[in-house]
Protein chains: 2
Amino acid sequence: MTQKSDHIPRATIQRLAVYVQVLENLLREGTEVISSEPLAKACNVNASQIRKDLAYFGEFGVRGVGYYVKSLIESITSALGVDREWRTVLIGVGNLGRALLNHKEFRLRGFNIVGAFDCDPFKIGEEISGLEVVCTKRLKEKIGENGAEIGIITTPPERAQRAANHLVEAGIKGILNFAPARITVPGDINVEYVDIFHHLYALSFNITFGKTD
Amino acid sequence: MTQKSDHIPRATIQRLAVYVQVLENLLREGTEVISSEPLAKACNVNASQIRKDLAYFGEFGVRGVGYYVKSLIESITSALGVDREWRTVLIGVGNLGRALLNHKEFRLRGFNIVGAFDCDPFKIGEEISGLEVVCTKRLKEKIGENGAEIGIITTPPERAQRAANHLVEAGIKGILNFAPARITVPGDINVEYVDIFHHLYALSFNITFGKTD
DNA sequence: TCTTGTGAAAGGGTTCACAGCT
DNA sequence: AGCTGTGAACCCTTTCACAAGA
């Protein structure tokens, strides 16, 4: 998949992920074709927004008809680069780390967790979901073996930066950070932050001060 | 806390949550005063962005000095409406639901989970983290008792809309939806979506096609 | 002197409206 | 006739640059 345009808004990427989610549910319910109008309603966006978002990557629709759900899913996943396996490693085997390691959905979605790391000697050697917990110092060595490209940080906030440094040094290309701390990495490393409380704060604000969309 | 301005960009709210996170870590490390420049660097944003974001709510800084970390945290949390307890209920006691029910951080952050619901008869009556799982049909009754204002959906995608309907009918004001499905609710109900795979998709895209910020 | 707070300018994303296909 | 794809207009957000204040 090649892009037609050089710069693509971050918001577009986020929406594409939403489109895939909605389209997959539509497909599960038996919808084969959909036009931008009802799809937009289901995604809570403007119809031309969808058409413009898709136009960054190509022409996937049929004029007068709409979009074929199945083929549109394939086009978008290809555009996002998720039509393949991604290998990931996880650092920080606490409660959250364990939960993620046991989450089967990662494999189903093509984001295979192939390594679990922690610096706590009591955790090293433990087996979780068929994976042995390894000392974080051996990260580079292990990644050399398994070729993981994405690192998942589930450490406490004060150890997040160190985990990030290890990942960068091991040659990882992207980081998914669950720790409630910002991390600093070289410009060519991609970081995504996941924080439930950010969303709860937004809810709190919207409920309290009445923003209703 | 009252706002100076009527409309506040959604992006501003998201950043305020980041500022709180970073400021709390700074406070833990002993920083008492910080100016917008280094704070901006730590948050990966522009310095005037921070000043403008804060200006929506008031004047929290001291010219020539900067911001007092502790008091800025208080100002922002007050501005977001998170300087109080929020009661929440959770629908969908699967793997994720259980993990969240056992997550102590919710209480620490003031988002108390005071009810757990599921429609599976085998789960009803089970006790998790001191909370008895109750039939979803009794949601309205229970919320009448405990006064929860936020609902957390952790059902499978095909049951998310029904869960949302129950929550709306029970008078909830905001929903945090972990189910991989969009939900439709009346305009005065606030919804936030949490989906790990959206973030992984973004990483995949950025790694593959080289967007490096 | 140093840093905030803010009007004005710049930049980017969203929506509109319609041309172009099927 | 119907719906996509897209240039142009609009709108909102971000950034700049500096006045105001400690």
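Numbers restart at 1 for each chain; the letters A, B, ... are given by sequence-line order, proteins then strands.
In this entry the distance linking CD1 of B:I13 with P of D:dT13 reads 11 Å, nearest Å. Across the protein-nucleic acid pair, B:R10 atom CZ and D:dT14 atom P stand 12 Å apart, rounded to whole Å. Protein atom CD1 of A:I50 is 9 Å distant from nucleotide atom P of D:dT4, rounded to whole Å. Between B:E59 atom CD and D:dG21 atom C1' there is a gap of 10 Å when expressed in whole angstrom units. One atom, CG of A:L54, and another, P of C:dG13, lie 17 Å apart when rounded to the nearest Å.
Note on B:E169 versus B:K137: no salt bridge recorded, every NZ/NE/NH1/NH2 to OD/OE distance being 4.0 Å or above. With salt bridges taken as basic N to acidic carboxylate O contacts below 4.0 Å, none links B:E145 and B:R87.
Relative to the six-membered ring of B:Y193, B:R182 meets both conditions, a distance below 6.0 Å and an angle of at most 45° to the axis.
DNA chain C is contacted by B:S35, B:S36 of residues 31-44 of chain B, taking any non-hydrogen atom closer than 4.0 Å. Within residues 65-73 of chain B, the residues having any heavy atom under 4.0 Å from DNA chain C are, by residue number, B:V65, B:G66, B:Y67.
Between the side chain of B:R63 and the base of C:dT4, a donor-acceptor pair under 3.5 Å is found.
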A:R162 and A:N165: CA distance, side-chain angles, deciding distance, side-chain hydrogen bond (donor to acceptor under 3.5 Å, both in side chains) verdict: CA-CA 5 Å; A:R162 209 186 310 167; A:N165 296 345; over 6 Å; no
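Checked by atom type, the side-chain pair B:N112/B:R107 shows a donor-acceptor distance below 3.5 Å.
Ring-plane geometry between A:F209 and A:F205 is classed as tilted, the angle between the planes lying from 30 to 60 degrees on a 0 to 90 degree scale.
Exactly one of A:R109, A:K104, A:H103 qualifies for a side chain to side chain contact (heavy atoms under 4.5 Å, CB included) with A:F106. That residue is A:H103. Remark: of the listed residues A:T184, A:D188, A:V185, A:V185 is the sole one forming a side chain to side chain contact (heavy atoms under 4.5 Å, CB included) with A:V168.
Contacts of B:Q14 classified as side-chain hydrogen bond (donor to acceptor under 3.5 Å, both in side chains), with partners at least two apart in sequence or in another chain: B:R10. Here A:H199 pairs with B:E192 under the side-chain hydrogen bond (donor to acceptor under 3.5 Å, both in side chains) rule; sequence neighbours left out. Residues passing the side-chain hydrogen bond (donor to acceptor under 3.5 Å, both in side chains) test with A:N146: none are found, sequence neighbours excluded.
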Restricting to nitrogen or oxygen on both sides, can you table the protein-nucleotides 14-16 of chain C pairs closer than 3.5 Å?
unit_1: C:dT14; atom_1: OP1; unit_2: A:R15; atom_2: NH1; d: 2.8
unit_1: C:dT14; atom_1: OP2; unit_2: A:R15; atom_2: NH2; d: 2.9
unit_1: C:dT14; atom_1: OP2; unit_2: A:Q49; atom_2: NE2; d: 3.4
unit_1: C:dT14; atom_1: O5'; unit_2: A:Q49; atom_2: OE1; d: 3.3
unit_1: C:dT15; atom_1: OP2; unit_2: A:Q49; atom_2: OE1; d: 3.2
unit_1: C:dT15; atom_1: O4; unit_2: A:K52; atom_2: NZ; d: 3.4
unit_1: C:dC16; atom_1: OP2; unit_2: A:N46; atom_2: ND2; d: 3.3

